[in-house]
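Quick notes on the structure that follows.
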Amino acid sequence: MQTSSSQPPVHVHPRLPTIRFRLALLVLSCVLPAAIVSAFLIYDHYRVERASLLGEAMATARSMVSVVDRDFETIVTALRTLATSDDIGDADLAEFRRQAADLHAILPITEVILYDAATRRQLMNTVRDPLPAEPGDEKLLHDVTLRTQPAVTGMTRGVGGNATITVAIPVVRDGVVRYVLAAQVLPAALGGILTEQKIPNSWRAAILDGDLRIVARNVDIDRHLGTRPAAEVVQRMHRQPEDTFDGTTVDGRSVVVLYSRSARSGWSVTLGVPHQDLTAGLLRTLESLIIATVVILALGLGMAWLVGGRIAHSVQALISPANALGMGQPVKPAIVDFREAQQVADSLVRAAAALDEARGRADKELLERRAAQEALQEADLRKDEFLATLAHELRNPMAPLVNALEIMRLGGPGAAPPPNVLDIIERQLKQMVRLVDDLLDVSRITTGKLGIRDDRIVLQDVVTHSLETAGPLIAQRRHALAVHVPDEPTALRGDATRLAQVFSNLLNNAAKYTPNGGRIALHAVRLHDKVRIEISDNGIGIAADVLPHVFDIFFQADRSLGRTQAGLGIGLSLARRLVELHGGTLTATSPGKGLGSTFALELPVATDEVSAPPADDEGGVPLPALRVLVADDNIDHANTLRTLLIAAGQTVNVCYDGLSALRSAETFEPHIAFLDIGMPRMDGYELARRLRAEPRHRGCMLVAVTGWGQDKDQQRSLAAGFDRHVVKPLQPAQLRGLLQERAGRATMHLA
């Protein structure tokens, strides 16, 4: 009989270990690693439990610190209430002394003292009579008077040697600290905090004052009152407000030390947890593990010896199916003599099928990963293209601006600029502002922060406004524009400015992507409860494969360097989102490239009647002369704003940092101030707070003129005292409106 070359012959050696021996090794190899893993898991559980216990202990320390601060705050609140008494200023303080004595019954204090802030002498004492001649704590009284804030001392020894804690507050009369009101607290009053926390008897807990001296302790307080913890603990507490480490208590016990220090009062709480409290559970669990491992190992070896003889034959029968499975061949069921071996044989068959299924899933997952990687690469490419386009579009207006400035310089000082130079500058600046505004609007919409007004508006007015915006470009490209709107006013609900932005965006696109001399049409028709507006052109059109993506953010059909039309690929996406915010729809159709395109809007019609807008009669009203303060570290912006204000007949004072503006306001006393936020020496927020703190500047209208325009920036401006928040650039209409608003205030008195 010949053996196949693909399967080596099987050699039987009489000295090889038996199945029983191998099963015994199998049991041993299973039990011992399991025991090791169990020990590791137990130790890991111990570490987690230890960390949890220490975390709870640290939470207890923090809670105790909060209780200490709360107790001091309670005393401060009571003293502040007492300080409002009108009897403090009387020559006879008997009534005030009676009021102060009432605090002894409700607070853990021993005496209340009233000091004269100037002489540091006692004016009233609820316990001592006559009053002592010596002055009070010089440092405490000086700090309270200077800082005009409550203060808590560390533990001190009084005249009789008694340990006390002093809580003091300033008493302000007519804006000046006239008196200092203080209360003496016994350290024993803080001992109740330790009792309330139910700290285990084996733990050591202490409350430390700002000088790190023990004020209260759950054990041996009489022995350790006024002492400091171990030197290592003191050093760590000086370095950081909280920590956990191995150390010793003041009485020499080895513990895990935890402490937390209050940021308000400077007082601290320390806890000492004995190591045996943390390791006792671990030792008991490890002992049980060792016993269980020995028992399991003995039982396993005995069972291996008994079963080994019975399974030897069946194991031999399983070799052939196992070899087939390893070589990826079809597996045939093995013929064995007991149920368990038959289950193994069936498992080999199922494993072969599962292996084939797993290979199929692996191939599918590989394809999915490749598709995901390609999508990521496409997104990264779109991002790079957008950044490159953004840089290109921002640089485009810069080039004519630089050229226009150079042309103006060629004329020499005082010479009038050529007629078209100012038009070029205005047109390119508007282009840059439009790019930035579109980016900000897209950001607000995608983050859900863009709000629209819900006003009653007229479709015809919105169309007129959009035509005013898009008209110059349409005229420049010599397009024929046809506009058809209903004769009767059509009422809508929404934001007129945002809808005009949508219409002008679509009209501008039609003008840009239609060759010179083309045709553009705006057609609006009433359809029951909706109005349909179509903006069509005979321009370059949209290819069929591009049409589904025209409203995608940052999508551009022409991505070549030689494309003739500019854009960031956000205008149509922004327009659709704005229309959707108004409850409408925006769609695009095109017969194909070179055949023009049509953008259709459908908006719900308002059911209420349209009222005529109020007439604007303020445009020609001359502005009264105001004193205007301008503060901006951008010298060019500050000086140009001054020129515009002077041209409007205003008296202007310009500063280039916050501190100079504050000093100028003292003598200039402006009616309105245009302030930048980011300035050297003093920012705009602090400048606004300083101006608002002065009564003579409370009538001054404060306007923040800044490049920061997010919601949080506007909220911060309002909190600092600004009346208005304007994002640069400040438009002439905005400037005139702000001046008119200030001039129209009923309380304004011009000098």
Side-chain angles (χ1 to χ4, degrees), residues 32-68 187 190-262 266-294:
L32 290 182
I36 294 173
V37 171
S38 299
F40 172 78
L41 293 176
I42 290 172
Y43 178 73
D44 185 67
H45 177 70
Y46 155 73
R47 291 193 304 105
V48 173
E49 289 294 326
R50 183 179 187 273
S52 177
L53 178 60
L54 293 178
E56 293 176 0
M58 179 59 77
T60 300
R62 294 182 184 132
S63 175
M64 293 167 65
V65 169
S66 298
V67 173
V68 171
L190 300 175
I193 298 175
L194 303 178
T195 305
E196 293 173 358
Q197 297 297 324
K198 297 181 180 180
I199 298 172
N201 294 332
S202 59
W203 290 21
R204 295 294 180 264
I207 299 176
L208 282 61
D209 63 12
D211 296 327
L212 301 183
R213 296 188 181 277
I214 297 176
V215 177
R217 197 169 187 265
N218 66 334
V219 177
D220 294 338
I221 181 57
D222 295 335
R223 177 183 174 188
H224 300 291
L225 182 64
T227 62
R228 282 194 172 95
E232 179 185 6
V233 178
V234 173
Q235 292 176 1
R236 286 179 177 263
M237 295 183 74
H238 280 306
R239 287 199 298 266
Q240 55 191 34
E242 287 186 353
D243 201 358
T244 302
F245 58 93
D246 292 336
T248 57
T249 63
V250 70
D251 47 10
R253 299 186 63 187
S254 178
V255 295
V256 176
V257 179
L258 307 95
Y259 69 86
S260 178
R261 184 171 68 246
S262 169
W267 284 51
S268 309
V269 170
T270 63
L271 292 176
V273 183
H275 292 283
Q276 56 268 26
D277 287 8
L278 301 174
T279 59
L282 174 66
L283 296 177
R284 289 193 299 270
T285 306
L286 289 178
E287 181 180 352
S288 300
L289 175 64
I290 293 173
I291 296 174
T293 301
V294 173

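Positions are given from 1, in the same order as the sequence printed here. Here the structure is a predicted model, which is why all the values come from computation and not from measurement.
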Does the side chain of His275 come within less than 4.5 Å of Asp246's, by heavy atoms? yes
What are the two closest heavy atoms between Ser262 and Val65, and how far apart are they? CB-CG1, 3.3 Å
Centre of Phe245's six-membered ring, under 6.0 Å away, within 45 degrees of the axis: is that where NZ or CZ of Arg236 sits? yes
Taking Arg228 for the side chain and Leu208 for the main chain, is one N or O donor matched with an acceptor at less than 3.5 Å? no
Taking every heavy atom of Val215 against every heavy atom of Leu225, the minimum-distance pair comes out as O-CD1, 3.3 Å
Leu194 and Ala216: which non-hydrogen atoms are nearest, and at how many Å? CD1-C, 3.9 Å
List the atom of Pro241, the atom of Tyr259, and the distance in Å for their closest heavy-atom pair. O-CE1, 3.4 Å
Start with the C-alpha gap between Ser268 and Leu212, add the side-chain angles, then the distance that decides, and say whether side chain to side chain contact (heavy atoms under 4.5 Å, CB included) holds. CA-CA 7 Å; Ser268 309; Leu212 301 183; 4.1 Å; yes
Step-by-step side chain to side chain contact (heavy atoms under 4.5 Å, CB included) determination, Leu190 to Trp267: CA-CA 12 Å; Leu190 300 175; Trp267 284 51; 3.4 Å; yes
Provide the full list of side chain to side chain donor-acceptor pair (under 3.5 Å) pairs with a residue in residues 214-225, sequence neighbours left out, each pair given once. Arg217-Asp251
Compare every heavy atom of Glu242 with every heavy atom of Gln240, then report the nearest pair and how far apart it is. NE2-O, 3.1 Å
Any side-chain heavy-atom pair of Val273 and Val255 under 4.5 Å: no
Quick one: does any side-chain atom of Asp211 pair with a main-chain N or O of Arg213 as donor and acceptor, under 3.5 Å? no
Approximate separation, where rounding is to 0.5 Å, of Arg239 CZ and Met237 CE: 12.0 Å
Donor-acceptor pair, Ser66 side chain versus Arg62 backbone, under 3.5 Å? yes
Go through Val269 and Ser260 one step at a time and tell me if the side chain to side chain contact (heavy atoms under 4.5 Å, CB included) criterion holds. CA-CA 6 Å; Val269 170; Ser260 178; 5.6 Å; no
When you measure from the side chain of Ser52 to the backbone N and O of Val48, does any donor-acceptor pair fall under 3.5 Å? no
For the side chain to side chain contact (heavy atoms under 4.5 Å, CB included) test, which of Thr249, Thr244, Ile199 pairs with Leu271? Ile199
With rounding to the nearest 0.5 Å, note down the distance linking CD in Glu56 to CG in Leu258. 11.5 Å
Can you name the side-chain hydrogen bond (donor to acceptor under 3.5 Å, both in side chains) partners of Arg253, sequence neighbours left out? none
Could you walk me through whether Ile214 and Ile221 pass the side chain to side chain contact (heavy atoms under 4.5 Å, CB included) test, one step at a time? CA-CA 8 Å; Ile214 297 176; Ile221 181 57; 4.1 Å; yes
